[in-house]
Amino acid sequence: MTDNKTKESILTMRREGMSFAEIADFLSLSPNTVKSICYRNRTQTLAVTDDRSNVCKNCGRPLPSPTGRKVFCSNRCRYSWWNRFRSRKPYRLTCYCCGREFISFGNRKKKYCSWECRRFSRYGEGAS
């Protein structure tokens, strides 16, 4: 595959923050080869800081933990953002089982008005 000098240069370039594609172009290797060498040796890149990544998506306050996948500072902010930006278009649908009309928000492919109707339609009389 590759010799030790090449592996060391790949790991050094990756620690300096170069991408897999940049390293592959520089050393005339496949990006997948570079990626597998880095993953086998558990090489991390230098974190690129983005000013927007450390603030709450809803209120703009700084997040308690700058690393990780957190986007909101609290559940309250998460619920508030979700309620503002989710699809609110109501669909009037008819249940396949009982024939009642029901409203579904954002999902017009829904077939049943409740879990009971779904179970009854799927499994019959003794489902309840």
Side-chain angles (χ1 to χ4, degrees):
M1 188 165 153
T2 56
D3 60 356
N4 286 337
K5 287 184 181 181
T6 307
K7 287 181 185 179
E8 287 302 318
S9 60
I10 289 171
L11 297 175
T12 303
M13 286 187 237
R14 187 66 180 160
R15 282 187 206 108
E16 292 173 357
M18 291 179 71
S19 70
F20 298 129
E22 291 171 341
I23 297 170
D25 287 341
F26 185 75
L27 297 175
S28 301
L29 295 171
S30 165
N32 288 331
T33 302
V34 174
K35 190 184 299 186
S36 65
I37 290 171
C38 291
Y39 283 140
R40 281 188 208 130
N41 291 290
R42 294 183 178 96
T43 303
Q44 300 294 322
T45 61
L46 295 174
V48 177
T49 57
D50 183 11
D51 294 334
R52 294 180 307 173
S53 66
N54 293 334
V55 296
C56 178
K57 196 172 185 179
N58 186 48
C59 67
R61 285 188 285 179
L63 292 175
S65 173
T67 59
R69 300 173 114 172
K70 288 218 172 232
V71 180
F72 302 102
C73 63
S74 65
N75 283 340
R76 177 181 276 171
C77 279
R78 182 166 50 96
Y79 296 146
S80 173
W81 185 88
W82 179 254
N83 286 330
R84 270 194 322 221
F85 292 106
R86 72 177 177 168
S87 172
R88 289 189 172 267
K89 185 175 180 182
Y91 295 102
R92 290 189 167 278
L93 305 171
T94 305
C95 180
Y96 282 13
C97 181
C98 65
R100 282 189 306 196
E101 191 172 288
F102 66 98
I103 296 174
S104 173
F105 288 94
N107 185 2
R108 65 177 151 182
K109 294 182 180 180
K110 203 168 181 181
K111 295 179 182 179
Y112 304 105
C113 64
S114 65
W115 281 101
E116 289 79 24
C117 282
R118 181 178 181 272
R119 272 188 252 125
F120 182 78
S121 179
R122 250 182 149 186
Y123 304 113
E125 292 287 329
S128 297

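Counting from 1, the numbers follow the sequence of the chain as shown.
Note on W82: it does not cluster hydrophobically with Y79, by side-chain heavy-atom contacts below 4.5 Å among ILVMFWY residues. Under a hydrophobic clustering in which Ile, Leu, Val, Met, Phe, Trp and Tyr are joined whenever their side-chain heavy atoms come within less than 4.5 Å, directly or via other members, Y123 and W115 fall into different clusters.
For R92, the side-chain hydrogen bond (donor to acceptor under 3.5 Å, both in side chains) partners two or more places apart in sequence, or in a different chain, are E101. Remark: S114 pairs with E116 by the side-chain hydrogen bond (donor to acceptor under 3.5 Å, both in side chains) rule, at least two apart or across chains. A search for side chain to side chain contact (heavy atoms under 4.5 Å, CB included) contacts involving R61 returns C59, C73, C77, not counting sequence neighbours. E8 meets the side chain to side chain contact (heavy atoms under 4.5 Å, CB included) test with L11; sequence neighbours excluded. A search for side-chain hydrogen bond (donor to acceptor under 3.5 Å, both in side chains) contacts involving N75 returns R78, not counting sequence neighbours.
Grouped with Y112 in one hydrophobic cluster are Y96, the linkage being side-chain heavy-atom contacts under 4.5 Å among Ile, Leu, Val, Met, Phe, Trp and Tyr residues.
Residues C56 and L63 are in side-chain contact: their nearest non-hydrogen atoms beyond the backbone lie under 4.5 Å apart. With a 4.5 Å cut-off on side-chain heavy atoms, T6 and I37 do not count as touching. The shortest side-chain heavy-atom distance between K110 and Y91 does not fall under the 4.5 Å cut-off.
Taking both residues in full, the closest heavy atoms of T94 and G99 are given as CG2-O, 3.4 Å, listed atom of the first, atom of the second, then distance. The two residues C95 and F102 make their nearest non-hydrogen contact at N-CE2, 3.5 Å. Of all non-hydrogen atoms in V34 and F20, the two that sit nearest each other are CG1-CD2, 3.9 Å. Between I23 and M18, the closest heavy-atom pair is CG1-CB, 3.8 Å.
Put simply, the side chain of S36 gets close to the backbone of N32: a donor and an acceptor are under 3.5 Å apart. Side-chain atoms of S9 come within 3.5 Å of backbone atoms of K5 as a donor-acceptor pair (strictly under, hydrogens ignored).
The side chain to side chain contact (heavy atoms under 4.5 Å, CB included) with I10 is formed by just one residue from the set L29, T33, N41; it is L29.
With rounding to the nearest 0.5 angstrom, the SG atom of C38 is 10.0 Å from the CE atom of M13. Here the SG-CG distance, from C113 to L93, works out to 10.5 Å after rounding to the nearest 0.5 Å.
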